[in-house]
Amino acid sequence: MSETDLKNNLLPPPRHIAIIMDGNGRWAKQRGLPRTAGHAAGGEAFRRIANYCRTLGVKYLTVYAFSTENWKRSEEEVAGIMRLLGRYLREALADMEKNKVRFRFFGDLSKLSPELQKLCMDAQNRSADYDVQVNFCLNYGGRDEIVRASRAFAADVAAGKYRSEDLTEELLSSYLYSADVPDPELIIRPSGEKRISNFLLWQSAYSEFVFMNVLWPDFSPGDLDAAIAEYHQRNRRFGGT
């Protein structure tokens with residue numbers, strides 16, 4: 001399937017694509033560069049792929065930007081990632097009217113600096129009326145998300161809003177960061193690793209996974225085309241026959 005096929009909607013892309021942006025550090029190491037250079041190149045790859053997704057008509061793009069486990073990395077690397085994120089958000093805010101992309105943030109933002117928290121909230125609030133949506137999983141972990149949702153439901157039970165037996169999949173979903181966002185049909189992980197690393201554990205129950213042997217900074221629109229083509233070859237039965 002070619003880029004032209006996708007643009008002509010002969011094989012439309014999934015409505016919601018999620019990506020584990022993996023391989024920045026290895027990309028930098030292969031080139032004798034600091035890991036921060038890999039994250040900078042990964043940021044450009046995100047910009048490239050996000051723009052391409054918008055061109056194709058993808059309605060939701062969710063990316064794993066920083067996990068709850070990534071705080072274990074060196075202070076220098078974490079600081080570099082946060083600087084890159086701040087720079088991107090400032091640029092996005094400046095171009096928001098032109099790009100018309102809605103921003104959402106999944107994760108506990110309270111551990112971020114006050115300046116970065118404000119940038120996140122400004123981007124989310126100013127873009128609330130746009131249709132195409134990018135979700136940034138930032139200080140995010142799938143297990144942590146489910147625990148937080150469970151605690152919030154338990155608190156509402158204690159307050160008399162619900163009974164414990166009222167809990168359904170749909171109700172619990174409403175307590176997740178991704179409330180009102182459809183589950184991803186396709187999850188892509190570049191870099192050659194074949195695991196989900198605590199990413200969208202609840203939402204990925206029936207997602208199709210495509211693992212690719214390309215490091216994220218090198219990920220191209222052609223790679224996305226190939227992943228979508230593989231997605232269209234899958235027989236999605238959702239437990240049926």
Group every Ile, Leu, Val, Met, Phe, Trp and Tyr by side-chain heavy-atom contacts under 4.5 Å, then state whether [X] and [Y] land in the same group.
{"X": "Leu116", "Y": "Phe46", "result": "yes"}
{"X": "Leu89", "Y": "Val101", "result": "yes"}
{"X": "Met21", "Y": "Leu84", "result": "no"}
{"X": "Val134", "Y": "Phe199", "result": "no"}
{"X": "Tyr206", "Y": "Ile20", "result": "no"}

Within the supplied structure, the quantity of interest is the number of heavy atoms (other residues, nucleotides, ligands) at a distance under 6.0 Å from [X] [atom1]; does it exceed 12?
{"X": "Glu69", "atom1": "CD", "answer": "yes"}
{"X": "Lys100", "atom1": "NZ", "answer": "yes"}
{"X": "Glu165", "atom1": "CD", "answer": "yes"}
{"X": "Asp180", "atom1": "CG", "answer": "no"}
{"X": "Arg151", "atom1": "CZ", "answer": "no"}

Distance (rounded to the nearest 0.5 Å) between [X] [atom1] and [Y] [atom2]:
{"X": "Ile196", "Y": "Arg189", "atom1": "CD1", "atom2": "CZ", "result": "9.5 Å"}
{"X": "Ser127", "Y": "Arg104", "atom1": "OG", "atom2": "CZ", "result": "10.0 Å"}
{"X": "Gln124", "Y": "Arg102", "atom1": "CD", "atom2": "CZ", "result": "7.5 Å"}
{"X": "Cys120", "Y": "Leu93", "atom1": "SG", "atom2": "CG", "result": "9.5 Å"}
{"X": "Asp22", "Y": "Trp27", "atom1": "CG", "atom2": "CH2", "result": "14.5 Å"}
{"X": "Thr168", "Y": "Glu170", "atom1": "OG1", "atom2": "CD", "result": "4.5 Å"}

Classify the side-chain pair [X]/[Y] by whether it contains a donor and acceptor separated by less than 3.5 Å.
{"X": "Asp225", "Y": "Tyr52", "result": "yes"}
{"X": "Arg35", "Y": "Ser74", "result": "no"}
{"X": "Glu97", "Y": "Tyr130", "result": "yes"}

Please check this pair: side chain of [X] against backbone of [Y], looking for a donor-acceptor N/O pair closer than 3.5 Å.
{"X": "Asn198", "Y": "Gly142", "value": "yes"}
{"X": "Ser220", "Y": "Gly222", "value": "yes"}
{"X": "Arg234", "Y": "Phe209", "value": "yes"}
{"X": "Arg148", "Y": "Asp108", "value": "no"}
{"X": "Arg26", "Y": "Ser191", "value": "yes"}
{"X": "Glu145", "Y": "Tyr177", "value": "yes"}
{"X": "His232", "Y": "Pro12", "value": "yes"}
{"X": "Ser178", "Y": "Val181", "value": "no"}

State, yes or no, whether a side-chain contact exists between [X] and [Y] at a heavy-atom distance under 4.5 Å.
{"X": "Phe103", "Y": "Met96", "answer": "yes"}
{"X": "Pro217", "Y": "Glu44", "answer": "no"}
{"X": "Glu77", "Y": "His39", "answer": "yes"}
{"X": "Ile188", "Y": "Asp223", "answer": "no"}
{"X": "Val78", "Y": "Asn70", "answer": "no"}
{"X": "Leu224", "Y": "Ile49", "answer": "yes"}
{"X": "Ile19", "Y": "Trp216", "answer": "yes"}
{"X": "Thr62", "Y": "Gln203", "answer": "no"}

Of all the heavy-atom pairs spanning [X] and [Y], show the shortest one and how long it is.
{"X": "Ala28", "Y": "Gly38", "answer": "CB-N, 3.7 Å"}
{"X": "Gly42", "Y": "Asn24", "answer": "CA-OD1, 3.6 Å"}
{"X": "Ala18", "Y": "Pro184", "answer": "CB-CB, 4.0 Å"}
{"X": "Leu186", "Y": "Ala227", "answer": "CD2-O, 4.2 Å"}
{"X": "Gly141", "Y": "Thr68", "answer": "N-CG2, 3.6 Å"}
{"X": "Leu167", "Y": "Leu171", "answer": "CA-CD2, 4.1 Å"}

Legend entry - salt bridge (Lys or Arg N to Asp or Glu O under 4.0 Å) evaluation trace for Arg31 with Asp218: CA-CA 13 Å; Arg31 290 159 176 77; Asp218 293 326; 3.8 Å; yes
Inset, instruction - Evaluate the side chain to side chain donor-acceptor pair (under 3.5 Å) criterion for residues Trp71 and Asn139: first the C-alpha distance (whole Å), next the side-chain angles of each, then the deciding distance (0.1 Å), finally the verdict. - result: CA-CA 8 Å; Trp71 296 105; Asn139 192 27; 2.8 Å; yes
Inset, instruction - Give me the ring orientation class for Phe106 and Tyr140: parallel if the planes are under 30° apart, tilted from 30 to 60°, perpendicular past 60°. - result: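 Geometry flag for Tyr140 against Phe106: tilted rings.
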Inset, instruction - Classify the angle between the aromatic ring planes of Tyr60 and His16 as parallel (below 30°), tilted (30 to 60°) or perpendicular (above 60°). - result: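 Correct class here is tilted.
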Legend entry - Steps toward side chain to side chain contact (heavy atoms under 4.5 Å, CB included) verdict (Leu112, Phe66): CA-CA 11 Å; Leu112 307 183; Phe66 192 85; 5.8 Å; no
Inset, instruction - Would you please test Leu119 and Arg90 for side chain to side chain contact (heavy atoms under 4.5 Å, CB included) and show each step? - result: CA-CA 7 Å; Leu119 285 171; Arg90 282 188 287 271; 3.6 Å; yes
Legend entry - Pair Lys118 + Glu115: basic N to acidic O under 4.0 Å: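 Not counted as a salt bridge, because no side-chain N and carboxylate O are separated by less than 4.0 Å.
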Inset, instruction - Applying side chain to side chain contact (heavy atoms under 4.5 Å, CB included), run through Phe219 and Met212 and close with a yes or a no. - result: CA-CA 9 Å; Phe219 197 88; Met212 308 184 78; 3.7 Å; yes
Inset, instruction - Could you go through the side chain to side chain contact (heavy atoms under 4.5 Å, CB included) check for Ile146 and Arg143 one step at a time? - result: CA-CA 5 Å; Ile146 294 169; Arg143 288 182 174 180; 5.9 Å; no
